[in-house]
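Atoms within a ligand are numbered from 1 in the order they appear, just like the ligands themselves.
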Amino acid sequence: MPRVIVVEDSPTQAQHLGFILEEAGFEVVLAPDAETGFRRLNEEHFDVILSDLHLPGDSGFDLCRRLKADPVHRNIPIVVCTSEVDPVNVLRGLQAGADGFVTKQRPPAEILGCVRRVLQRGCAPEPSPSARTRVTFLDQDFELTAGREQLLDILVSAFEDVVHINAQYRQSAVALREANRKLEQRNLELQRSVESERRAHEERKRAESHLIQNEKMTSLGQLAAGVAHEINNPLAFVINNITLLRRDLGYLEAMLSLYREAIAPLAVGRPELVEPIEEYAEKVDLPYTLENLGRLLERTAEGAKRIRHIVASLRDFARLDEQELKEADLNTGIASTLDLARGRASELQVALETVLGPLPMVTCYPARINQVVLSLVTNALDACKPGGRVIIGTCVKEDGVEIAVTDTGTGIPPDVLGKIFDPFFTTKSQGKGTGLGLSISYGIVRSHGGTIAVESTSPGGTRIVVDLPIRPSPTAAP
Ligand SMILES: Nc1ncnc2c1ncn2[C@@H]1O[C@H](COP(=O)(O)OP(=O)(O)OP(=O)(O)O)[C@@H](O)[C@H]1O
Ligand SMILES: [Mg+2]
């Protein structure tokens, strides 16, 4: 049974190599370093040595040199084990007198093959100094003592290494490709799930805004109904009474002029009666009071009429009675909607102008369209500084009608532009904006089969254009 000494400092690797050799019928002795190895060589006989290159203390090459310099042991063949294939190490090993090389990662059969070949061939006879071969590799000179057979063996071994590495490389390339494929697939799945998560989120936000829109409309409708009911009755008295007051004032004026005619004869007979009347008339500036009374009545009548108009606009805006598609005159709806915004416009000192072109009747949910117009106009007013202008225009387009709201306000910065239709997106301070106006408007316009687009106007300012078909598609819903 051939005896082998394995010089290896790593216990795991020593055990691994020992196991391979024992399985193949070798008697194995382990030594953790070169010093121990050499001591064991002096104590007992070994047929072959398998030594690691990197060892604590003397390296595998030192062991080779020491072995080949020793006349007793120089004929024991020695195989150097390395972790990586490095031609410089091979040449250094040959120079040191190694008889064979093998890399640790090689399959057991190849490690065994290498040990057996070296064992069979034995050591090269000690070469004469003239038989030394000089080799230059990567600018380093090496002087080799190895014989032809030994060199061929190392060549074959190196070739086996290359084949092995190549096979490993191919396997890793296949594994890499597979891992890459899986990664790409996973990436795709991830992208899909992110996309569907994003859509679900958008959908949730839209559903939420739809709900809020309905609630807003319902409460606005109830408010409008309440206001209309509560204001209309007393307003009717006020308007009626103004008419009566006007009539009665006429009576009183007529009466007063009759009195005045009677005053001249009375002044002759009873001046003490006339004097305080004249004094009082002068004190209250009777001609002015009488004239002003008429004016006051006129202005009160105008105010009352305006209140009646606003209440009507409010009802018109909410169009509570119209929950179905119907033909509507958009310009009328816009005019009544603008009445609701006029107060805010004058408060902000922004001019509200209209350029309403003749329009055909449009089939729509009128209250919803009014809501869109109010939303766009409110935004435009909010964006303007005092002295600014908001222009609401309508015109006929090729396949429908257009409503455009243009302002001379701050404009919309490019990084905000992509978000303004997102539900709950607002740049307004808390309590001032919910960020729902445009997203609800977008939903309403889309439900009519129309489009809503935003453009920047120069210098600064914004133009929002709503295009509506004359008749929405049959799927349109409120
Ligand atoms: N005409 C405009 N000029 C400048 N910015 C605008 C204009 N219209 C909309 N925006 C921007 O778009 C944002 C979103 O508008 P949106 O009407 O949806 O919400 P909001 O006005 O902030 O709040 P809400 O309408 O719910 O009271 C606004 O906060 C504002 O930044
Ligand atoms: Mg708004």
* Where do R192 and E189 land on the salt bridge (charged side-chain N to carboxylate O under 4.0 Å, His left out) test, with the steps shown first? -> CA-CA 5 Å; R192 276 198 207 118; E189 282 168 11; over 6 Å; no
* To do: Evaluate salt bridge (charged side-chain N to carboxylate O under 4.0 Å, His left out) for E202 paired with R199, printing each intermediate quantity in order.
  => CA-CA 5 Å; E202 283 291 301; R199 276 210 212 107; over 6 Å; no
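Between H448 and Y365, the ring-plane angle classifies as perpendicular under the 30° and 60° cut-offs.
Within 6.0 Å of CD in E282 there are 12 or fewer heavy atoms belonging to other residues, nucleotides or ligands. Heavy atoms from other residues, nucleotides or ligands lying under 6.0 Å from CD of E272 number more than 12. The environment of E275 atom CD is sparse: at most 12 non-hydrogen atoms of other residues, nucleotides or ligands sit within 6.0 angstrom.
Those atoms of ligand 1 with a heavy atom of N379 less than 4.0 angstrom away are 8 (N), 9 (C), 15 (O), 16 (P), 17 (O), 21 (O). Every atom of ligand 1 with a heavy atom of T427 under 4.0 Å away is listed here by number and element: 28 (C), 29 (O), 30 (C), 31 (O). Taking every heavy atom of G433 and a limit of under 4.0 angstrom, the matching atoms of ligand 1 come to 23 (O), 27 (O). Counting the atoms of ligand 1 from 1 in the order shown, those under 4.0 Å from a heavy atom of T426 are 20 (P), 22 (O), 29 (O). Contact atoms of ligand 1 toward L438: 9 (C), 15 (O), 16 (P), 17 (O), 18 (O) (distance under 4.0 Å to a heavy atom of the residue). Residue I420 approaches ligand 1 through these ligand atoms, each under 4.0 Å from one of its heavy atoms: 11 (C), 12 (O), 14 (C), 18 (O).
Distances shorter than 4.0 angstrom do not occur between any heavy atom of V416 and any atom of ligand 1. At a 4.0 Å cut-off, not a single heavy atom of G409 sits close enough to ligand 1 to count as contact. Taking 4.0 Å as the cut-off, S441 does not count as a neighbour of ligand 1 on heavy-atom distance.
For the Mg ion (ligand 2), the N/O/S atoms of N379 include one lying under 2.8 Å.
Residue-level proximity to ligand 1 for D407 is carried by the side chain, the only part with a heavy atom below 4.0 angstrom.
In terms of polar-atom proximity, defined here as any N/O pair under 3.5 Å, G435 does make such a contact with ligand 1. Considering backbone and side-chain atoms together, L436 places an N or O closer than 3.5 Å to an N or O of ligand 1.
Salt bridge present: E178 and R181 bring a charged side-chain N and a carboxylate O closer than 4.0 Å.
The heavy-atom pair separating I470 from P360 by the smallest distance is CD1-CG, 3.4 Å.
A donor atom on one side chain and an acceptor atom on the other are found under 3.5 Å apart for N292 and R295.
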